[in-house]
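As a basis for the values below, the full set of heavy atoms in this structure was taken, side chains included, without hydrogen atoms, waters or symmetry mates. Every chain is numbered from 1, with letters handed out A, B, ... down the list of sequences.
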There are 2 protein chains.
Amino acid sequence: MPSATVENYVKKILVLSLDTSEEQVGMGEIAKGLEVAAGTATSMIKTLERERLVRYKSRQGVTLTAKGLKLGMDMLRRHRLVETFLVESLGLDWTEVHQEAEELEHAISEKVLDRLDKFLGRPEFDPHGDPIPTKEGKFAERRIRNLLECQSKKLRTIKLLTDQSTDFLNFARRKGLVPGTSVEVTNRDLISDAVELRVGNKKPFTLGSKAAKKILVSS
Amino acid sequence: MPSATVENYVKKILVLSLDTSEEQVGMGEIAKGLEVAAGTATSMIKTLERERLVRYKSRQGVTLTAKGLKLGMDMLRRHRLVETFLVESLGLDWTEVHQEAEELEHAISEKVLDRLDKFLGRPEFDPHGDPIPTKEGKFAERRIRNLLECQSKKLRTIKLLTDQSTDFLNFARRKGLVPGTSVEVTNRDLISDAVELRVGNKKPFTLGSKAAKKILVSS
DNA sequence: GGCAAGACTTTGATCAATCAAAATGAAATC
DNA sequence: GATTTCATTTTGATTGATCAAAGTCTTGCC
C-alpha cells in the first residue's frame, strides 16, 4: 500500500495538472505545493517512478501513469467525500474542512468510504462545488457548472454559491442570485473577463469572472 | 504532537493496565501487544520516558504518568467514538470496526471529534459496551454493566447484547433476553462461573459467565 | 558565443521506527 | 551455590522522508 506521503505527491501532481491543464508538471511546482525542499521532491519522484505511478524526464517534468491517475482520482474522491461529510453531517464550515480532510483521507478504508458515500446519498459535488470522482475514478458528468463556463444561451437554475462570506451573500441576494432562481447568460466576454446575465425578466447586468465562478448552476 | 506510534504505545499500555488491573506493565506484553520485536519496545519506551509519558524501571515495567494517562484516555475516547460512529451511523458490524478505528483515531482532530460526539448524541458506551471516556479523560459512571457484574438482587433492564451473531441472538430471543426486558439475578456462583436469573415471572435459569458478560443491563 | 540567473539534481547527513542477533540479568531448577 | 532458561536490553544496520548545500543544466541576454 502507498504511504500517506506517496498519496500526497500523486494527488498534488493530479491537481496541478488539472489546474494548469498541462499533463506535465514541473518539479518546482510540486516542491512548492507540498512545501518540501526541491531535492526532496526530486528524490521522492524517483520513488514514485519506481512504483510506476509517474513518468519522469529529468529537468523536464512529471506526468502520471494510468496507475498514478487512478490513485490520484481515488485520493480526490476520498478528500472530497470527507469534506462533504464534515460540512453536511457535522456542520463544519466549508472554509475550514480542507485541513481536516487532508489527514482523514489517508486513514479511511475503501469500505468505510463506500458506506460514507451511501450515507451522504452519493453526492456528485463537494461543498466547494468541485466534482467528486466516482469509485471508477471518473468525474461525474458535469451537470453543474459555474456561470463562467456557460456558453449557450439557455435558462439555468442556480444550485450553489461557493463563497459563503457575508459580503458575497449580501451582494448575491441583492441581485436575486439565490439557489432556485433561473438565470440566463446573455453575453460572455472572455477578454474583459465578464459575464452578462439576466435574472428573471429584470434588466441584465454584468458580473466579473471571479464572481461568476462562484455561482454554480445546473444546465 | 505525538506521532501515531507514540499514541499507540501509550494506548496499549493503558488498556493492558486496565485489563490486568496492574498499574505496571511488562515490556514483553507491550512488544507482543503491538507486534514489534522486544528491542523495539524497549527503545520506544525510552522515548516515551523522555516525553514524560511513562515511568520506566529497567527489567521491571512501565507505568503511565499523569500526562500519559491523559493521552491514553484521549486515544480511547477517539477510538470508541469512531467505532460508535461506524456502527451507529454507517451500519458496519461491530465485529469489524476495530481495525478501521485503529487508523482513524490518529487522523481525527479535537474539533471534528467534538462534533462527532455531539452528532452521535454524546454516547457513554461504544458498540462493544465499553465506556467512552469524557473529554476530561474520565470514564462515565458505569450505569450499564454486564450481568456477570451484578451482585445485588434488584430488577434491571436489558440495554444491549454485545454479541450480534445469529446463534447468540436466537438463543437470547428464546430466553426472552431482548433489550427492554426486566431481569433479576437470583443467584451468582463465581466458582462455577454461572449466573442464575429470572426473566419476568418465568422459571429462573442459569447462564454461563461468557454469555452473562455479553448482556448489558442498566442498574 | 559567452555568461549570469534560476531551476533542477546530487550528495551527505539526520530522524523516527523498525529488525536480528548478541549480551546481560534474574529467576527457577538442580 | 552453580547452571540453565527466558525475558530484557544493547548494538548495529536498514528504510522512508526529509534538509542544506554543493554541483549541474538550460535559458535567455548582451
Side-chain angles (χ1 to χ4, degrees), chain A residues 1-13 16-17 19-20 22-64 67-68 71-72 75 102-103 105-107, chain B residues 1-13 16-17 19-20 22-64 67-68 71-72 75 102-103 105-107:
Chain A
M1 287 299 95
S3 67
T5 308
V6 166
E7 291 180 343
N8 280 335
Y9 274 81
V10 170
K11 186 175 55 138
K12 182 57 74 176
I13 295 164
L16 284 174
S17 73
D19 282 359
T20 62
E22 303 268 341
E23 250 202 273
Q24 194 153 50
V25 175
M27 200 57 82
E29 301 174 75
I30 298 171
K32 184 159 283 182
L34 293 168
E35 298 182 279
V36 294
T40 306
T42 303
S43 89
M44 199 61 205
I45 290 300
K46 287 180 179 171
T47 347
L48 296 202
E49 195 179 34
R50 251 175 275 124
E51 301 287 336
R52 305 259 176 274
L53 290 164
V54 301
R55 265 177 299 276
Y56 163 55
K57 296 262 182 223
S58 191
R59 281 167 214 274
Q60 298 217 73
V62 183
T63 54
L64 290 176
K67 185 178 172 196
L71 177 57
M75 293 318 296
E102 208 64 16
E103 294 295 319
E105 65 190 9
H106 305 294
Chain B
M1 287 302 95
S3 68
T5 308
V6 166
E7 291 179 344
N8 279 335
Y9 275 80
V10 169
K11 186 176 54 141
K12 183 57 73 176
I13 295 164
L16 284 173
S17 74
D19 282 0
T20 60
E22 302 269 340
E23 248 201 276
Q24 194 154 62
V25 175
M27 199 58 81
E29 301 173 75
I30 297 171
K32 182 158 283 179
L34 293 168
E35 298 182 280
V36 295
T40 306
T42 303
S43 90
M44 198 62 206
I45 289 301
K46 286 180 180 171
T47 5
L48 296 201
E49 196 181 32
R50 252 176 276 122
E51 302 286 335
R52 305 256 176 279
L53 289 164
V54 301
R55 264 177 299 276
Y56 163 55
K57 297 260 182 225
S58 190
R59 279 167 215 275
Q60 297 218 73
V62 181
T63 53
L64 291 175
K67 185 180 169 192
L71 178 58
M75 293 316 297
E102 207 64 16
E103 293 295 320
E105 67 190 8
H106 304 293

In whole Å, I'd like the distance from the [atom1] atom of [X] to the [atom2] atom of [N].
X	N	atom1	atom2	value
B/Lys57	C/dG25	NZ	P	17 Å
B/Glu35	C/dC19	CD	P	10 Å
A/Glu29	C/dC8	CD	C1'	13 Å
B/Leu48	C/dT18	CG	P	11 Å
B/Lys32	D/dC6	NZ	P	13 Å
B/Leu34	C/dT18	CG	P	8 Å
B/Glu7	C/dA17	CD	P	11 Å
B/Lys46	C/dC15	NZ	C1'	18 Å

A/Lys32, NZ atom: more than 12 neighbouring heavy atoms under 6.0 Å: no
Which residue is it: A/Ile30, A/Asn8, A/Val6, A/Val36? I am looking for the one with a side-chain contact (heavy atoms from CB on, under 4.5 Å) to A/Met44. A/Val6
Can you measure from [atom1] ([X]) to [atom2] ([Y]) and round to the nearest 0.5 angstrom?
X	Y	atom1	atom2	value
A/Thr40	A/Met27	OG1	CE	11.0 Å
B/Ile13	B/Gln24	CD1	CD	11.0 Å
B/Leu48	B/Ile45	CG	CD1	4.5 Å
B/Arg50	B/Tyr56	CZ	OH	12.0 Å

Winner on side-chain proximity to A/Tyr56, out of D/dT9, C/dT9, D/dC19, is C/dT9
Regarding the side chain of A/Val36, the nearest nucleotide among C/dT18, C/dT9, D/dC19 is D/dC19
Mind running salt bridge (charged side-chain N to carboxylate O under 4.0 Å, His left out) on B/Glu29 and B/Lys12 for me, showing each step along the way? CA-CA 9 Å; B/Glu29 301 173 75; B/Lys12 183 57 73 176; over 6 Å; no
Considering only heavy atoms and no angle criterion, is a donor-acceptor pair shorter than 3.5 Å present between the side chain of A/Arg59 and the base of C/dT9? no
Looking across every strand, which nucleic acid part, if any, lies under 4.0 Å from B/Gly39 by heavy atom: base, sugar-phosphate, or nothing? base
Tabulate atom names and distances for all N/O pairs under 3.5 angstrom spanning the protein and nucleotides 14-17 of chain D.
residue	atom	partner	partner atom	Å
D/dA17	OP1	A/Ser3	OG	2.5

